[in-house]
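Inspection log for the structure reproduced underneath, given as structure tokens.
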Amino acid sequence: MNIILFGPPGAGKGTQAQFIVKKHNYFQLSTGNLLREEVKLKTPLGYEIEQLISNGKFASDETVNALLRKSITNLKYRDRIIFDGYPRNVKQAKNLELILAEFDQSIGHTIFLNVSKDIVEKRIMGRMTCDKCNMTLNEFFNKEQIELHPCGKDHLKKRKDDNFDVVVARYDTYMKTTKPVLDFYSNNTNFTEINGADEIEQINNKINGVLNV
Ligand code: AMP
């Protein structure tokens, strides 16, 4: 079954997705990561995406949908996808239903990590992501883990869009554009809300509880 991890930027979707990948042998489909990969390729599309992301704006639905389709149609990931950062608006939610139905798949669980703006700001301002393994750490809370990171601490980089002004813009966009997507899922029996302000391990245990039912 496929899973949607939903929540504001900085809710911990990427961190929790990595735990699910390891424990339940899943594939993390982070649209943010796919877009950043495109930026690294320095193509004209990559340049366009970079301008949008670094200003806290969304990439176009067409771009994101095309990247998404590639993964959904990959047989290796069939029914084992965690959607992280998608859908981000109601149109994308409807598109996801259509693509999944087309390939005879569905969503088994939608998990909403709910966190306040204050917490999001603190987490994002300290966030560092490994450009090799995609692990996310926080420069304020994980000093020792950063020093001991297996890929080497030089691979831990701050994201360009993790600065205060862009974080505020991204949170505002989430409230206006992304939060309404909750109405699309919250009445389904497979919808679960989890307090994303809890400790990482506590959240992970709750998610495992939901997935093992
Ligand atoms: P994330 O890594 O999920 O925080 O995403 C980083 C940035 O990538 C977002 O702020 C958007 O600019 C862009 N992005 C990620 N996912 C989407 C999406 N589903 N639709 C449009 N833009 C997206």
Side-chain angles (χ1 to χ4, degrees), residues 2-18 20-21 27-41 43 45-72 81-100 107 110-115 117 119-131 133-138 156-182 184-185 196:
N2 298 302
I3 301 163
I4 295 177
L5 272 184
F6 190 88
K13 302 187 291 295
T15 302
Q16 295 300 331
Q18 282 170 16
I20 303 173
V21 165
F27 169 72
Q28 177 188 6
L29 199 173
S30 155
T31 43
N33 285 351
L34 291 177
L35 291 164
R36 283 184 286 275
E37 288 301 320
E38 197 65 39
V39 171
K40 277 192 208 157
L41 295 176
T43 57
L45 176 65
Y47 180 74
E48 205 179 290
I49 293 171
E50 186 174 27
Q51 297 304 307
L52 293 167
I53 292 186
S54 54
N55 287 302
K57 300 203 173 101
F58 280 179
S60 77
D61 285 343
E62 291 70 32
T63 302
V64 180
N65 290 345
L67 293 172
L68 185 89
R69 189 170 260 275
K70 256 195 202 166
S71 300
I72 292 180
I81 300 176
I82 308 166
F83 294 97
D84 158 12
Y86 191 99
R88 254 180 161 90
N89 59 38
V90 173
K91 202 171 157 208
Q92 291 185 359
K94 291 183 177 160
N95 178 63
L96 183 60
E97 300 264 295
L98 289 177
I99 307 188
L100 287 176
I107 297 296
T110 303
I111 298 172
F112 170 38
L113 298 179
N114 197 1
V115 269
K117 191 176 182 179
I119 293 181
V120 161
E121 280 172 11
K122 284 193 195 107
R123 284 189 186 162
I124 294 189
M125 295 310 290
R127 177 156 73 178
M128 298 183 91
T129 308
C130 176
D131 63 11
C133 72
N134 273 330
M135 183 181 219
T136 304
L137 293 168
N138 186 295
L156 291 163
K157 306 262 167 66
K158 291 217 135 198
R159 278 170 42 176
K160 236 183 174 177
D161 57 338
D162 282 351
N163 66 69
F164 190 77
D165 291 343
V166 177
V167 170
V168 170
R170 279 158 61 200
Y171 193 86
D172 289 347
T173 309
Y174 165 78
M175 291 305 281
K176 267 194 231 121
T177 313
T178 308
K179 208 159 181 248
V181 177
L182 278 181
F184 198 81
Y185 296 113

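Note that the structure is a prediction, hence the values are computed from the model and not measured. The first residue of the sequence shown is numbered 1, and numbering continues consecutively from there. All values below were derived from every heavy atom in this structure, side-chain atoms included, with hydrogens, water molecules and symmetry-related copies excluded. In each ligand, atom 1 is the first atom listed, and ligand 1 is the first ligand listed.
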Give the atom numbers and elements of ligand 1 that come within less than 4.0 Å of a heavy atom of [X].
X: R36; answer: 2 (O), 6 (C)
X: Y86; answer: 19 (N)
X: V64; answer: 18 (C), 19 (N), 20 (N), 21 (C)
X: G85; answer: 16 (N), 17 (C), 18 (C), 19 (N)
X: K57; answer: 11 (C), 12 (O)
X: Q92; answer: 18 (C), 19 (N), 20 (N), 21 (C)
X: I53; answer: 8 (O), 12 (O)

Among all protein heavy atoms, pick the one closest to [atom] and tell me residue, atom and distance.
atom: atom 14 (N) of ligand 1; answer: L35 CD1, 3.3 Å
atom: atom 10 (O) of ligand 1; answer: R170 NE, 3.8 Å
atom: atom 5 (O) of ligand 1; answer: R88 NH2, 3.4 Å
atom: atom 16 (N) of ligand 1; answer: T31 OG1, 2.8 Å
atom: atom 22 (N) of ligand 1; answer: A59 N, 3.1 Å

*asked:* Do the side chains of E97 and K94 get close enough for a salt bridge, i.e. N-O under 4.0 angstrom?
replied: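 Result for this pair is no, no salt bridge flagged.
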*Is a salt bridge present between D131 and R159, judged by a nitrogen-to-oxygen distance below 4.0 Å?*
no
*Sub-4.0 Å heavy-atom approach of L52 to ligand 1*: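 It does not; every heavy atom stays at 4.0 Å or beyond.
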_Taking 4.0 Å as the limit for heavy-atom contacts, which would you say applies to R159 with ligand 1: side chain only, backbone only, both, or neither?_
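Side chain only.
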*Is it the side chain (CB and beyond), the backbone, both or neither of K13 that lies under 4.0 Å from ligand 1, heavy atoms counted?*
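It is neither; nothing of K13 touches ligand 1.
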*asked:* Checking D61 against Q92: is there a side-chain donor and acceptor pair closer than 3.5 Å?
replied: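 The answer is yes; a qualifying pair exists.
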*When you look at NZ of K157, are more than 12 heavy atoms from neighbouring residues, nucleotides or ligands closer to it than 6.0 Å?*
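Counting neighbours around NZ of K157, more than 12 heavy atoms of other residues, nucleotides or ligands fall under 6.0 Å, so yes.
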